[in-house]
Amino acid sequence: MNVLVTGGAGYIGSHVVNVLKKEAGFTPIVYDNFSTGHPEAVADDVQLVEGDIRDIEFTRHVMAQFEIDAVIHFAASSLVGESMSDPAKYYVNNVEGSLHLLQAMKQSGVDYIVFSSTAAVYGEPEKTPICEDFATQPTNVYGRTKLVIEGMLKDYAMAYGMRYVALRYFNAAGASLTADIGEDHHPETHLIPLILKTAQGVRDRVSIFGTDYPTPDGTCLRDYIHVEDLATAHVLALKHLVGGGESRVYNLGSEAGFSVREIIETAKRVTGVDFAVTEEARRSGDPAVLVASSEKIRKELGWQPQHSTVEEIIKTAWKWHQNHPHGYNG
Ligand code: UDP
């Protein structure tokens with residue numbers, strides 16, 4: 001089965017490609033415009049096509065050329081702050097891009113899609129842990145675009161017989177166990193890579209955004225999930241669809257909340273570096289607590305996170321950062 005992986009040169013996509021290529025019967029074909037992805041993140045033995053999901057004609061051409069049977073869809077803009085200052089970019093890249101991808105799938109007779117969604121579709125949750133049937137009230141444009149796409153998937157599935165699995169990730173983190181691929185965003189906005197760059201001396205200090213949240217230590221609680229565990233979930237989702245399973249929406253988290261201070265303390269211990277930390281004002285749009293219930297995917301698909309302790313997440317990410325102090329460029 002040939003699987004087109006849009007955004008397969010990105011952080012999560014490249015990890016999924018590595019897991020997928022080891023699965024008997026699945027061949028990933030990476031489709032990426034390299035706006036944020038890295039060709040170096042794709043192994044030499046994987047077919048890599050430079051292309052843009054907004055280009056229906058070319059996507060259709062690629063689907064025919066490689067006899068694509070299924071799509072795993074990561075290609076998207078994903079910076080929350082940027083989505084607020086430049087919503088047009090997010091509606092074009094995410095909503096229009098996904099619409100055009102679905103059009104190309106429909107025209108090519110490709111019926112299965114696993115979609116990279118986000119916990120940001122929930123917004124500020126009423127209670128915790130968050131289940132899939134909770135209200136979806138995104139507080140930022142990024143989350144809103146992902147929710148619109150989930151709606152499109154539902155409508156296409158109903159009308160045209162496609163089937164989908166939408167995976168709502170909580171905080172993806174960590175790097176491959178072999179440390180050959182990892183997180184390399186420009187600009188970097190995520191907590192763990194920023195901490196590790198500070199431990200390395202590439203940055204001066206770590207800022208804690210907000211110390212007055214209604215949490216035990218005043219800083220935000222997040223549910224960190226190892227990128228290798230996310231990758232496994234995508235393969236399970238694909239097998240579910242191919243095996244005749246119905247369309248589904250699943251949370252992916254480790255079901256445990258860690259505060260910003262706890263992450264910093266663990267990183268100090270793992271790296272052995274006592275780096276500088278400053279306390280700053282809240283970052284706008286950050287809910288106090290985001291913790292998933294992942295019971296649904298555990299029960300239905302048998303997903304079991306294997307690497308999602310904060311220790312292991314930070315250890316693997318640290319190894320990646322040490323091997324690649326300037327990301328893929330050095
Ligand atoms: N955070 C922080 N300092 C930073 C970056 C992030 O205190 O330099 C906090 C942020 O406010 C949030 C948590 O760390 O509570 C995780 O943020 P991240 O951007 O990694 O992921 P998000 O939860 O926004 O998807």
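For the numbers below, each heavy atom of this structure counts, side chains included, while hydrogens, waters and symmetry mates do not. Throughout, numbering of the chain's residues begins at 1 and tracks the sequence. Whatever order the structure lists ligands and atoms in, that order sets their numbers, starting from 1. As the structure is a prediction and not an experimental result, all values here were calculated from the model.
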**Q.** Y90 side chain vs L79 backbone, donor-acceptor pair below 3.5 Å
**A.** yes

Q.
Only heavy atoms of T189, strictly under 4.0 Å: list the atoms of ligand 1 that pass.
A. 5 (C), 19 (O)

Q. So which of A172, G81, C220, A120 gets nearest to atom 15 (O) of ligand 1, if we judge by its closest heavy atom?
A. C220

Q. For the residue pair H324 and Y328, does the interplanar ring angle fall in the parallel (under 30°), tilted (30 to 60°) or perpendicular (over 60°) class?
A. tilted

**Q.** Per-atom contacts of ligand 1 with I208, taking only distances under 4.0 Å to non-hydrogen atoms
**A.** 7 (O)

Q: Please work out whether any backbone atom (N, CA, C, O) or any side-chain heavy atom from C-beta onward of N171 is under 4.0 Å from ligand 1, and answer side chain, backbone, both or neither.
A: side chain

Q. Counting each atom of ligand 1 from 1 as listed, which ones have a heavy atom of L194 under 4.0 Å away?
A. 8 (O)

Q: For atom 23 (O) of ligand 1, state which one of E188, R222, H190 supplies the nearest heavy atom.
A: R222

Q: Go through the side-chain N and O atoms of Y169 and S116 and say whether any donor and acceptor fall under 3.5 Å apart.
A: yes

Q: Could you tell me the residue and atom name of the protein heavy atom closest to atom 16 (C) of ligand 1, and the distance to it rounded to 0.1 Å?
A: Y224 OH, 3.7 Å

Q. Going by the atom numbers of ligand 1, which of them fall below 4.0 Å from some non-hydrogen atom of F209?
A. 1 (N), 2 (C), 3 (N), 4 (C), 5 (C), 6 (C), 7 (O), 8 (O), 11 (O)

Q) Which of parallel (below 30°), tilted (30 to 60°) and perpendicular (above 60°) describes F74 and H234? A) tilted

Q. So, D229 side chain and H307 main chain: donor-acceptor pair closer than 3.5 Å or not?
A. yes

Q. So, R261 and E279, do they make that salt bridge, N to O below 4.0 Å?
A. yes

Q. Any idea which part of L191 is under 4.0 Å from ligand 1, heavy-atom wise: side chain, backbone, both or neither?
A. both

Q | Heavy-atom donor-acceptor pair, H190 side chain to I192 backbone, under 3.5 Å | A | no

**Q.** S207 neighbourhood, listing ligand 1 atoms whose heavy-atom distance to it stays under 4.0 Å
**A.** 2 (C), 3 (N), 4 (C), 7 (O), 8 (O)

Q.
Can you tell me which portion of R283 lies within the under-4.0 Å heavy-atom range of ligand 1? Options are side chain, backbone, both, or neither.
A. side chain

(Q) I need the nearest protein heavy-atom contact for atom 11 (O) of ligand 1: residue, atom name and distance, please. (A) D286 OD2, 2.6 Å

Q: Give yes if a backbone or side-chain nitrogen or oxygen of V260 is under 3.5 Å from a nitrogen or oxygen of ligand 1, and no if not.
A: no

Q: May I ask you to establish whether R248 and Y164 are in a cation-pi arrangement, using a distance under 6.0 Å from NZ or CZ to the six-membered ring centre and at most 45° from the ring axis?
A: no

**Q.** cation_pi(K268, F275) dist<6.0 Å, angle<=45
**A.** yes

